[in-house]
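Let me begin by presenting the structure, written as structure tokens, before commenting on it.
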Amino acid sequence: MKVTFWLLDINSETANDSTELWLWGIDEKGNRVLVIDGSFVDYFYAVMAEGFDPSKVAEEIRKTHGTATVKLEVTERKLFGKTVQTVKVYCRNPAEKAKLARTLRNLEGIKDCLEDDIRLSMRYLIDNNVVPCAWHEVDADEEESTQRVRADKVYAAKSPPKLLEKSDVPSLRTLSFHMTCYSREGTPKPDRNPVIIISTAASTGEEKQFLPNTGNNDKALIQEFAAYVKKLDPDIIAGYGTNTLDWNYLRERCRTLGIKLDIDRACTEPHTSVYGHVSLTGMANIDIADFADRFPEVKVKTLWNLAEHLGVAKTSESTVIEDVDFADYWDDKQKRIALKQFSMDSARSVKGMVELLLDFAMQLSSLVSLPLDHVMTAAVGFRVEWFLIKHAQKIGELIPRRVEQPYRPYAGGLVLKPQAGLHENIAVLDFKSMYPNIMIAYNLSPDTYVSPKEPEPASGVFTAPEVKHRFRKSPPGFYKEILTYLIGVRGEIRDKMKKLNPEAVEYRVLDARQKAVKVITNAAYGYAGWIGARWYIKPVAEAASAWGRHTIQTAISMAERAGLKVVYGDTDSLFVTYDEKKTRELEKEIEKELGLDVERGEVYVRIFFTEAKKRYAGLRQDGSLDIVGLEVIRGDWAEVAKNVQEHVLEIILKEKSAEKAVSYVQSVVDELKQRKVPFRDLIIWKTLTKPVDEYAVKASHVEAAKALKNKGWRLAVGDKVGYIISTGEGKLYDRAKPHVFATIDDADVDYYISKQVVPAAARVLEFFGVSEEDLLKTATQKKQAAKSLMEFMK
DNA sequence: GCAATCGTGCTACCG
DNA sequence: ACCGGTAGCACGATTGCG
């Protein structure tokens, strides 16, 4: 019979010489199905050394390793664009694949073995064009018993599933949860601290809260939660920070309590996958924290900061309860109510974020072919790589092994020195997707690179400026094909979207799709220059940036020839004096001359540059500010300083009144002196980028981290540490206090005035004749300062 | 002997 | 575990003055 299903998860099961691929999905009727394919045979390639006959080598392999192999095939493949002879070695046991490949590398006539590092489940997806988060049709027989697993139907596939065009998404059951643990000694430890609350919010609308029956006894709590998960049988289980914290905690806690957390669809426990995320067989475990890097404007990546940014929760001082206070809240009858509410609200926020973000994850998953639970935990480089791998398989290009490479830097984009001060009426010209389009235009690819020792191919070559790397003109390289496809597809999607109502489900799905496509397109250049890349060829990235510099240089000359003044530029953008007719002509001329599309970006009514590159603030025509690079948008400055700078910029750009800005700054300084600012506006957040004892120098955030650790708080690399500078003796790092252990009365307001607020304000105001000293002047001195300022402005 | 200067480490930004 | 270019702070060693 034919079964149509949408693929949610895949895993492989190997037992007694048989290997099965388990495809978990949902059929058109909403049944949860498991399709088992036992016919796939894992393999790798043995690449022949120069001058060896593959059939003879195959014979030798058969003789020496016949029992480990099922079948041997002589085939031709390509490696970095060059044809190679190979023997495809089918393995009896997938677990022994890498070992067999290692042995065969030493066999005479074999230069190398490749693709033994591709895991079976990925191999299956790639080879059969089976795609996660997409519909397939499979010819299969229904199995009688579904006892081993939690599924409505189990099928045995008679052949691999076929991908269908159908682009809708079935209705998925999701369960969002939030877990709270009790500890009076810092970060809770699963061997001694209980779980006190688990709140859940399901897509069905059902909400639950699991609490200890008596005291802090959490055994029944966890068992009830586990039973509920099994009963609800969600397709997606989501939380915040669950990949790094909750699942491990629950697993450890269950071990301590002697209970089994067999909640997944194969009735096994959550397991840490080789890729680092936690996997629940047959369902998708989603950690919303893994989506946080899509929102760089959220500096401190907490559940609540992200939820508020996404508009799924409104936070106020009272909503959020800090981890340090959990135990106090729990132990106080009145406050416990608030803690329970907080937990429930957290689960609801997770649910809200899932609803907003899942579309993107599913589209990215199907685009790059990584299963849904893995795609968001995978780093950008790996997402690009899996997309490349899928295409490589189609065109017969072998997947290179990841080899350790020495780091060799190369020159990147060109950044112009800005014309400092205020400018009126400035337009930005941007090259559209400059690097991808350069790679397409000059056929830059790992498989088109012509090394210096090679003769020029018949097609001729493109030679990059400055660096002189050569790339054959034809046939098209594999990056060119991929990038052309991605850019084309994104255009098609966006055209389709224009005809749809933005409220429609289809519009949302398409929007998620085009975002996923854009992410991969934009990361291709970075991938090319990444030493960890399987297809790393430094000249590819180096040539792309060299052509980029050449492109922008040429555009600058053309702009100046056209009589447009260039006030700034960075990599693929030019800031020019705006003249409707001249810029339009320039855009056309650039496109004709360079073959790259230019689009007019922002047109600023007024823009302010400091002398520094990559830092400016512009006033848009709609009255909003566009602030770039300055303290306002940095996460490592105290909020009080950022607010002041933002307000100063607004006054300068809208009213051009340095005088007004100065008195505003002075008013904030006064408030600070009286400690009349919210405490949280004094917190400085910095990331721990390595373990605390590996720092070469003493630093405030590291000292604050040490203080937290001393009180039992577990801090991981990548965590943000919030601290304030307190009054007292010594260096700044001696006076840094974790914000959770401090109050406004501890704060050294002089530090905040002289090292935060005033420098941030002066960064802007010094271009209007205002010094840091002017900003520190008292009220009586203000009038004098204002007078001389008015002279200056004239 | 001490303040000014400079190099280094570090973080977070831009495109 | 995507690239290079860049700013700017704190720290701590070095320099320069006399």
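Atoms considered below: every heavy atom in the structure, side chains included; atoms not considered: hydrogens, waters and symmetry mates. Chain naming here is simple, since letters A, B, ... match the order of the sequence lines and numbering starts at 1 in each.
Residue contacts for A/Tyr616: at a heavy-atom cut-off of 4.0 Å it reaches the sugar-phosphate backbone alone, with no base atom in range. Among the heavy atoms of the strands lying under 4.0 Å from A/Ala696 are primed sugar atoms or P, OP1, OP2 only; no base atom is included. Here A/Ser700 lies out of heavy-atom contact (under 4.0 Å) with every strand. Nucleic acid contact class of A/Leu630 (heavy atoms, under 4.0 Å, all strands): none. Counting any heavy atom pair closer than 4.0 Å across all strands shown, A/Tyr536 reaches no nucleic acid atom. Residue A/Lys417 is out of contact with every strand shown, counting any heavy-atom pair closer than 4.0 Å. Using a 4.0 Å heavy-atom distance criterion, A/Arg402 is classed as making no nucleic acid contact. Counting any heavy atom pair closer than 4.0 Å across all strands shown, A/Ala612 reaches sugar-phosphate atoms only and no base atom. Residue A/Lys720 is in sugar-phosphate contact alone, with no base atom involved, counting any heavy-atom pair closer than 4.0 Å across all strands shown. Among the heavy atoms of the strands lying under 4.0 Å from A/Gly412 are primed sugar atoms or P, OP1, OP2 only; no base atom is included. Within the nucleic acid shown, A/Arg615 comes within 4.0 Å of sugar-phosphate atoms alone, with no base atom in reach, counting heavy atoms only. Using a 4.0 Å heavy-atom cutoff across all strands shown, A/Gly532 reaches no nucleic acid atom at all.
Phosphate proximity of C/dG4 to A/Thr571: absent, as no side-chain N or O sits under 4.0 Å from OP1 or OP2. In terms of phosphate contacts, A/Lys690 brings a side-chain nitrogen or oxygen within less than 4.0 Å of OP1 or OP2 of B/dC10. For B/dT11, the OP1/OP2 oxygens have a side-chain nitrogen or oxygen of A/Tyr695 closer than 4.0 Å. Under 4.0 angstrom from either OP1 or OP2 of C/dT6 there lies at least one side-chain N or O belonging to A/Lys613. In this model, the phosphate group of B/dT11 is approached by a side-chain N or O of A/Thr689 to a distance below 4.0 Å at OP1 or OP2.
If you check B/dA12, C/dC9, C/dA1 against the side chain of A/Lys686, the one that comes closest is B/dA12. Distance from the side chain of A/Val697 is smallest for B/dG9 among the nucleotides B/dG9, B/dC13, C/dG4. Among the nucleotides C/dG4, C/dC2, B/dT11, the one closest to the side chain of A/Ala379 is C/dC2. Comparing C/dG8, C/dG5, B/dG9 by their closest approach to the side chain of A/Lys614 singles out C/dG5. Between B/dA12, B/dG15, C/dG5, one nucleotide has an atom nearer to the side chain of A/Ala411 than all others, and that is C/dG5.
No side-chain N or O of A/Asp287 forms a donor-acceptor pair with one of A/Tyr240 less than 3.5 Å apart. Using a 3.5 Å distance cut-off with no hydrogens or angles, the side chains of A/Asp570 and A/Ser573 do not pair a donor with an acceptor.
Both A/Val415 and A/Gly526 lie close to DNA chain C; mapped to their nearest nucleotides by heavy-atom distance, the more 5′-ward contact belongs to A/Gly526. Nearest-nucleotide positions on DNA chain C place A/Arg408 closer to the 5' end than the other of A/Lys755 and A/Arg408.
Annotation: proximity of residues 725-735 of chain A to DNA chain C (heavy atom, distance under 4.0 Å) is found for A/Lys731, A/Leu732, A/Tyr733, numbered in ascending order.
Environment of NZ in A/Lys690: crowded, with over 12 heavy atoms of neighbouring residues, nucleotides or ligands closer than 6.0 Å.
Across A/Asp290, A/Thr377, A/Asp373, a single residue satisfies side chain to side chain donor-acceptor pair (under 3.5 Å) together with A/Asn243, and that is A/Asp290. None of A/Phe478, A/Trp530, A/Tyr449 except one satisfies the ring-ring contact (aromatic ring centres under 6.0 Å, His included) rule with A/Trp535; the exception is A/Phe478.
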Test log, rule side-chain contact (heavy atoms from CB on, under 4.5 Å), inputs A/Arg294 and A/Leu357: CA-CA 10 Å; A/Arg294 289 191 58 211; A/Leu357 302 173; 4.0 Å; yes
Verdict with reasoning, A/Trp247 to A/Asn285, per side chain to side chain donor-acceptor pair (under 3.5 Å): CA-CA 10 Å; A/Trp247 286 119; A/Asn285 167 46; 2.9 Å; yes
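Residues A/Glu385 and A/Arg402 are paired through a salt bridge, judged by an N-O separation under 4.0 Å between the basic side chain and the carboxylate.
Here the P atom of nucleotide C/dC3 and the CG atom of A/Asn522 are 16 Å apart, to the nearest Å. Atom CD1 in A/Ile537 sits roughly 19 Å away from atom P in C/dC2 (whole-Å rounding). One atom, CG of A/Asp636, and another, C1' of C/dA10, lie 12 Å apart when rounded to the nearest Å. Rounded to a whole Å, the CZ atom of A/Arg549 is 14 Å from the C1' atom of B/dG15.
In this structure, A/Asp293 CG and A/Phe295 CZ are separated by 9.5 Å, a value rounded to the nearest 0.5 Å.
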